[in-house]
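This one's a predicted model, so the numbers in the text were calculated from it and none came from an experiment.
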Protein chains: 2
Amino acid sequence: MTDELMTIRQMCDAFDVTARTLRFYEAKELIAPIREGQKRLFTKRDRARLKLILRGKRFGFSLEEIRQLLDLYDRGDQQKTQLERTYEVAQGHLEGLKRQREELDDAIDDLTEQLNWVSEKIATFDDDNSDPK
Amino acid sequence: MTDELMTIRQMCDAFDVTARTLRFYEAKELIAPIREGQKRLFTKRDRARLKLILRGKRFGFSLEEIRQLLDLYDRGDQQKTQLERTYEVAQGHLEGLKRQREELDDAIDDLTEQLNWVSEKIATFDDDNSDPK
DNA sequence: CGTTACATTTACGTCAACGTAAGCTTACAT
DNA sequence: ATGTAAGCTTACGTTGACGTAAATGTAACG
């Protein structure tokens, strides 16, 4: 019903963040909720941005880095030169993500290996205690 | 040649971190270089740990979280119950990594899509200016 | 009309993760 | 013996990302 606009509380519940965090992000110009008198109303655009912000954080990006990246997802009513600049930045970022993916795969492999190792170790203990007396 | 032990400076160069950072990690018990008199000497084990620390940081883990995880990669001269506990923690962590990979894939897809979009937009500009006069 | 619930601004506090400066050893080269 | 280069400890400073408290506003409910 409040499909278009959401209050700050609804946002907190929906994204599991505090009101302080949302106001903080606004102060840092990561989101730009509109005002109804004093109160903030968060648009669909704010929600899309917040989603990306939280995702970015999970990947270890700083808010400042995220702010740069967010512009990539903005509307494209820009000049050609602007768009080209955007394109290059985005491509660089994509490279970063892909590299991170490779690292993640490595980490997963490592951990899996460790798990098997530990698993065998446990089996050893089981053998010691099998067929008791 | 100094294959087994490295000075702090060598570590800094090898891993691109400051001496302060290494001492800080030692204070936090993430690494435990041995001492030759006053000076620190970093072992193979320290290097392996540091590698994991830096990797963890790139994935957005706090040093405290990393400290927990490091124990998983330690030697296995432990009790069975300890090992089992370790196993469960590691498995939980593995789940986390896999979830993060899915998110990463999503992010990569999103960004790729955006790139295509921007690319088309740029093409539009090119069309406007093609075959001029 | 009072109060309860939810919102706002302002501003100081906090915690992690180091940076940075001061002052002191130790080892080696000049 | 004197730099000077590398390392050490101690301790205060900084930055990012909010937490938290105080004072205030507004809307609806009973």
For the residue pair Leu63(A) and Lys57(A), establish whether any side-chain heavy-atom pair is separated by less than 4.5 Å. yes
In whole Å, what is the span from the CZ atom of Arg9(A) to the P atom of dT26(D)? 19 Å
Between Arg101(B) (side chain only) and Asp105(A) (backbone N and O only), is there a donor and an acceptor less than 3.5 Å apart? no
Can you check the Ile66(A) CD1 to dA17(D) P distance for me, whole Å? 8 Å
Round to the nearest Å and state the distance from Ile8(A) atom CD1 to dC18(D) atom P. 14 Å
Examine dA17(D): is either OP1 or OP2 under 4.0 Å from a nitrogen or oxygen in the side chain of Thr21(A)? Give yes or no. no
So, do Arg49(B) and Arg45(B) sit near enough that their side-chain heavy atoms are less than 4.5 Å apart? yes
Where DNA chain D forms runs of at least three Watson-Crick or G-U pairs (i with j, i+1 with j-1, under 3.5 Å), the stems are C:1-28 with D:3-30
Quick check on dC18(D): is either OP1 or OP2 less than 4.0 Å from any side-chain nitrogen or oxygen of Thr18(A)? no
For Glu64(A), is the CD atom crowded, meaning more than 12 foreign heavy atoms sit under 6.0 Å from it? yes
Atom pair distance, as rounded to whole Å: CG in Leu41(A) and C1' in dC6(C): 13 Å
4.5 Å side-chain heavy-atom contact, Leu70(B) and Leu52(B): yes
Not counting sequence neighbours, list each pair that qualifies as a ring-ring contact (aromatic ring centres under 6.0 Å, His included) and has a residue in residues 4-43 of chain B. none
Scan for salt bridge (Lys or Arg N to Asp or Glu O under 4.0 Å) pairs involving residues 7-21 of chain B, sequence neighbours excluded, and state none if there are none. none
Under a 4.0 Å N-O cut-off, is there an ion pair linking Arg55(A) with Asp110(B)? yes
Residue pairs fulfilling ring-ring contact (aromatic ring centres under 6.0 Å, His included) with at least one residue in residues 97-116 of chain B, sequence neighbours excluded: none
Measure CG/Leu50(B) against C1'/dC18(C) and give the value in whole Å, please. 14 Å
Specify the separation, in whole Å, of atom CD of Glu26(B) and atom C1' of dT9(D). 12 Å
Is any side-chain nitrogen or oxygen of Thr7(B) closer than 4.0 Å to OP1 or OP2 of dA6(D)? no
Could you state the CD1-C1' distance from Ile34(B) to dC8(D), rounded to the nearest angstrom? 17 Å
Identify each atom pair where a protein N or O and an N or O of nucleotides 20-25 of chain D are less than 3.5 Å apart, giving names and distance.
from, atom 1, to, atom 2, distance (Å)
dT20(D), O4, Arg20(A), NE, 3.1

Might you work through the side chain to side chain donor-acceptor pair (under 3.5 Å) test for Thr112(B) and Asp109(B), ending with a clear yes or no? CA-CA 5 Å; Thr112(B) 301; Asp109(B) 288 350; 5.4 Å; no
Whole angstrom is fine here: how far is it from CZ in Arg23(A) over to P in dT10(C)? 12 Å
Considering only NZ, NE, NH1 and NH2 on the basic side and carboxylate oxygens on the acidic side, decide whether Glu95(A) and Arg99(A) come within less than 4.0 Å. no
Provide a list of protein-nucleic acid N or O atom pairs under 3.5 angstrom, restricted to nucleotides 14-17 of chain C.
from, atom 1, to, atom 2, distance (Å)
dA17(C), OP1, Leu63(B), N, 2.8

Between Asp46(A) and Pro33(A), the two heavy atoms sitting closest are OD2-CA, 3.3 Å
When you check the phosphate oxygens OP1 and OP2 of dT9(D), does a side-chain N or O of Arg35(B) lie under 4.0 Å from one of them? yes
Under 4.0 Å between any heavy atoms, over every strand shown, what does Arg40(B) touch: base, sugar-phosphate, or nothing? Just pick one. sugar-phosphate
